[in-house]
Peer 1: 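Right, I'll just put the structure down here and ask away after.
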Amino acid sequence: MDSKLYIAPVQGHTDAAWRHFHQKRYGGDNRYYTPFIRLERGEFRKHDLKDFISPLNENHDLVPQVIFRNMDELIPLLEGLVEKGAKEIDLNTGCPFPLQTSKGRGAAFVGNVEEYSRLPEILSRFPDIVFSLKMRLGFADPEEWKKIMPVLNSLRLDHVALHPRVAKDQYKGELRLDQFEAFIKESENPVVYNGELKNPNDFVEIKERFPEIAGIMSGRGVLARPSLLAEVTSGKEMSREERVEEMLSFHNDLFDHYTEGLTGGEHQVLSKIKPFWEYAEEEIGRKAWKAISKASNMAKYQSALAMIGM
C-alpha cells in the first residue's frame, strides 16, 4: 500500500516501551504518537514528559500529541514540548472519552468555535513546528465539523486525521462515511482516515473508496492485531498461527522489559502487561483472553498464556 500508515495512541497501552518493541518486532515506515499529553493543575504530568523523552523512542518515528480545552492550556503545552525538542506536534480534538469531553477537551473542543478560531494565531507563533490534527465529526452532531472547517482550512497542517463518528458514538455504531467523503471534498489539508480497521482488507477497501486520502491510521486495530500494518505494507496476510506466534514474541520482549525495569514486584508487572491483551480476544481466543484478564498472580498469568493457541 502506498499510503502513509499511522499508529494512533491509546491511553494505558501505547507507551514508549510498547512502541519500541512493536517497531523492533514488526518494523515498517510507520508514524507513532504519544498518548495525549495534557496539563494537570497547570503543569505537565511527569509521566507524559518521561514517555516523550524516553530513549526507547530512538528506533521509531514519534510525534507528541496534546489535548487541551482552550488556548490557555494549549500554549504552555506547545512551549514545553518545543523546549524538549519537538519538531512536530499533533493536536487531539477527537478523544471521545467523557473524562475529557466533560472538561471541554478532545471531541468536545470541536463545538467551541470561539476557541477553535484562535488556533491560527496561536499556531503561527510556532513557525518551525509542523502541526497535524486528530478529530471526530463532532460531539453529538455529525455535521458539527462544518462550523470549524473555515478555521481548519486556514491552517497549514501536515494532515487532519478524521474518525467518522461523533464523540457520543464512542466506538460503536455505523461509520458515517458519507460525512467523511464530504469532509474530504471541503478540506484544503491532506486527510487521513481513522476508524474500525481490523484486517488488511479493511485498509484496501478504504483506499479504494477514498483514493485521495493521504494515509490511514489505526489504534485499537493494531492493539488487537499487532502485525496488522506489517501485513498491509507487505501485501501478504499472515495466518492466525503466524500472527499469534509473532504477538507472543512481541509480548515476551515487553514482558522482559517490564520485569527487569519495574521494582514493585509481580503485581506491578501484571498491571503493566495485562493491558497488552485487552483488545486481543478475537486473536487469541476467548478462553485464554478471559483467563488472562482474571489472572491475579504471575503463576495464573503464565498458565493463562499457555492457553493461547490451544
Side-chain angles (χ1 to χ4, degrees), residues 3-4 6 8-9 31 33 36 63 65-75 77-78 88-97 100-101 103-127 129-171 173-197 206-207 209-219:
S3 293
K4 180 74 177 178
Y6 303 84
R31 176 166 293 176
Y33 296 83
F36 60 68
V63 176
Q65 183 184 96
V66 296
I67 193 169
F68 49 94
R69 76 176 81 193
N70 52 38
M71 297 304 103
D72 290 340
E73 285 192 348
L74 178 60
I75 292 169
L77 286 168
L78 299 183
E88 300 184 33
I89 298 175
D90 188 63
L91 310 177
N92 183 325
T93 66
C95 177
F97 298 125
Q100 296 304 321
T101 58
K103 296 178 173 65
R105 301 188 185 107
F109 186 72
V110 175
N112 191 345
V113 177
E114 182 177 354
E115 280 297 295
Y116 222 105
S117 297
R118 296 181 62 197
L119 275 175
E121 189 276 322
I122 300 303
L123 300 192
S124 71
R125 301 181 191 180
F126 302 88
I129 298 297
V130 175
F131 288 101
S132 57
L133 186 143
K134 189 172 187 289
M135 65 179 289
R136 289 204 170 203
L137 297 169
F139 179 70
D141 178 0
E143 296 192 351
E144 196 169 15
W145 60 270
K146 294 180 179 180
K147 298 176 183 177
I148 52 92
M149 183 56 85
V151 178
L152 286 177
N153 283 341
S154 72
L155 300 171
R156 297 278 68 83
L157 300 170
D158 180 77
H159 66 265
V160 176
L162 177 65
H163 184 121
R165 287 190 175 106
V166 296
K168 288 196 171 183
D169 292 333
Q170 294 283 313
Y171 293 99
E174 291 296 317
L175 296 164
R176 303 169 196 263
L177 296 180
D178 56 337
Q179 291 291 337
F180 184 83
E181 184 172 15
F183 185 96
I184 292 175
K185 290 178 180 178
E186 292 197 28
S187 178
E188 295 178 13
N189 287 295
V191 178
V192 167
Y193 176 86
N194 173 225
E196 293 300 320
L197 299 162
I206 286 296
K207 186 62 178 176
R209 178 160 179 176
F210 306 109
E212 64 271 53
I213 56 176
I216 301 177
M217 176 180 286
S218 176

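Just so it is clear, the model here is predicted, and its values are computed rather than measured. Side chains are part of it too, since the values below use all heavy atoms of this structure and drop only hydrogens, waters and symmetry mates.
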Peer 1: Please give me the minimum heavy-atom distance between Glu188 and Arg156, naming the atom from each residue.
Peer 2: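 For Glu188 versus Arg156, the nearest heavy atoms are O-NH2, 3.9 Å.
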
Peer 1: Assess whether side chain to side chain contact (heavy atoms under 4.5 Å, CB included) is satisfied between Met135 and Leu152, documenting all intermediate values.
Peer 2: CA-CA 11 Å; Met135 65 179 289; Leu152 286 177; 3.7 Å; yes

Peer 1: Hey, does the side chain of Ser154 reach the backbone of Val151 with a donor-acceptor pair shorter than 3.5 angstrom?
Peer 2: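 Checking the backbone N and O of Val151 against the side chain of Ser154, a donor-acceptor pair under 3.5 Å is found.
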
Peer 1: Within 45° of the axis and under 6.0 Å from the centre of the six-membered ring of Phe131, does NZ or CZ of Arg125 qualify?
Peer 2: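 Not satisfied by the 6.0 Å and 45° rule.
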
Peer 1: Can you give me the closest heavy-atom contact between Pro164 and Phe180, atom names plus distance?
Peer 2: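 Residues Pro164 and Phe180, closest heavy atoms: CB-CB, 4.0 Å.
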
Peer 1: Looking only at non-hydrogen atoms, find the nearest pair between Pro142 and Leu137 and report the distance.
Peer 2: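 That would be O-CB, 3.6 Å.
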
Peer 1: Counting only heavy atoms from other residues, nucleotides and ligands, does the tally under 6.0 Å from NZ of Lys146 exceed 12?
Peer 2: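 Result for NZ/Lys146: enclosed.
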
Peer 1: Please report the closest heavy-atom contact between Thr101 and Cys95, naming both atoms and the distance.
Peer 2: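 Nearest pair, atom of Thr101 first, then Cys95: CG2-O, 3.3 Å.
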
Peer 1: What distance separates His159 NE2 from Ser187 OG, expressed to the nearest 0.5 Å?
Peer 2: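 Going from the NE2 atom of His159 to the OG atom of Ser187 covers 11.0 Å.
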
Peer 1: Mind checking the CE-CG spacing from Met71 to Leu77? Nearest 0.5 Å is all I need.
Peer 2: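 Met71 atom CE to Leu77 atom CG measures 10.5 Å (nearest 0.5 Å).
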
Peer 1: Only counting residues at least two apart or in another chain, list the ones meeting side chain to side chain contact (heavy atoms under 4.5 Å, CB included) with Glu144.
Peer 2: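 By the side chain to side chain contact (heavy atoms under 4.5 Å, CB included) rule, Glu144 matches Val110, Phe139, Asp141.
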
Peer 1: Is any side-chain heavy atom of Leu78 less than 4.5 Å from a side-chain heavy atom of Ile122?
Peer 2: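 Counting from C-beta outward, Leu78 and Ile122 do come under 4.5 Å.
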
Peer 1: With rounding to the nearest 0.5 angstrom, report the CD1 to CG distance, Ile148 to Asn153.
Peer 2: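 Nearest 0.5 Å value for the CD1-CG distance: 9.0 Å.
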
Peer 1: Is the shortest distance from a Lys or Arg side-chain nitrogen in Arg118 or Glu121 to a carboxylate oxygen in the other one below 4.0 Å?
Peer 2: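 Glu121 and Arg118: not salt-bridged.
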
Peer 1: May I have the step-by-step check of side chain to side chain contact (heavy atoms under 4.5 Å, CB included) for Lys147 and Tyr116, ending in yes or no?
Peer 2: CA-CA 10 Å; Lys147 298 176 183 177; Tyr116 222 105; over 6 Å; no

Peer 1: Just wondering, do Leu123 and Leu91 contact through their side chains at under 4.5 Å, heavy atoms?
Peer 2: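 Answer yes - side chains close enough.
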
Peer 1: In Å and rounded to the nearest 0.5 Å, what is the NE2 to CG distance from His163 to Leu175?
Peer 2: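 With rounding to 0.5 Å, NE2 (His163) is 5.5 Å from CG (Leu175).
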
Peer 1: Is there a donor-acceptor pair under 3.5 Å between the side chain of Asn194 and the backbone N or O of Met217?
Peer 2: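 Pair found, side chain donor or acceptor close to backbone of Met217.
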
Peer 1: Less than 4.0 angstrom from a charged side-chain N to a carboxylate O is my criterion; do Arg31 and Glu88 meet it?
Peer 2: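 Salt bridge present between Arg31 and Glu88.
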
Peer 1: Under 3.5 Å, is there a donor-acceptor pair between the side chain of Asn189 and the main chain of Val160?
Peer 2: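 Judged by distance alone, no pair lies under 3.5 Å.
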
Peer 1: Any non-hydrogen side-chain atom of Glu186 less than 4.5 Å from a side-chain atom of Trp145?
Peer 2: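 Side-chain contact under 4.5 Å: yes.
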
Peer 1: Between Gln179 and Glu143, is there a donor-acceptor pair closer than 3.5 Å when you use the side chain of the first and the backbone of the second?
Peer 2: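 Answer holds: no.
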
Peer 1: Could you label the plane-to-plane angle of the Phe97 and Tyr171 rings as parallel, tilted or perpendicular, counting under 30° as parallel and over 60° as perpendicular?
Peer 2: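 Tilted: the ring planes of Phe97 and Tyr171 meet at 30° to 60°.
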
Peer 1: For a 4.5 angstrom cut-off between non-hydrogen side-chain atoms, does Arg105 reach Phe109?
Peer 2: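 When only atoms from C-beta onward are counted, Phe109 and Arg105 do not touch, as no gap falls below 4.5 Å.
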
Peer 1: Taking the side chain as every heavy atom from C-beta outward, state whether Asn112 and Asn70 have any pair of such atoms under 4.5 Å apart.
Peer 2: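 Result no, sub-4.5 Å side-chain heavy-atom pair not found.
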
Peer 1: Between Asp169 and Arg136, is there a side-chain N and carboxylate O pair less than 4.0 Å apart?
Peer 2: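 Arg136 and Asp169: not salt-bridged.
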
Peer 1: Provide the closest heavy-atom pair for Asp90 versus Val63 in the form atom of the first, atom of the second, distance.
Peer 2: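 Closest approach of Asp90 to Val63, heavy atoms only: N-CG1, 3.8 Å.
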
Peer 1: Within the structure provided, determine whether Pro120 and Leu155 are in side-chain contact (heavy-atom separation under 4.5 Å).
Peer 2: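 Of all side-chain heavy-atom pairs linking Leu155 with Pro120, at least one is under 4.5 Å.
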
Peer 1: Grab the two heavy atoms, one from Ile67 and one from Asn92, that are nearest each other, plus how far apart they are.
Peer 2: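 Closest approach of Ile67 to Asn92: CG1-O, 3.8 Å.
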
Peer 1: Hey, could you give me the CD/CD1 distance between Gln65 and Ile89, rounded to the nearest 0.5 Å?
Peer 2: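 The distance works out to 11.5 Å.
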
Peer 1: Looking at side-chain heavy atoms only, is the closest gap between Gln100 and Phe36 below 4.5 Å?
Peer 2: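 Side chain of Gln100 against side chain of Phe36, heavy atoms only: contact under 4.5 Å found.
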
Peer 1: Passes side chain to side chain contact (heavy atoms under 4.5 Å, CB included), Leu119 versus Leu74? Steps please.
Peer 2: CA-CA 9 Å; Leu119 275 175; Leu74 178 60; 3.6 Å; yes

Peer 1: What orientation do Tyr193 and Phe210 show, parallel under 30°, tilted 30 to 60°, or perpendicular over 60°?
Peer 2: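 Geometry flag for Phe210 against Tyr193: parallel rings.
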
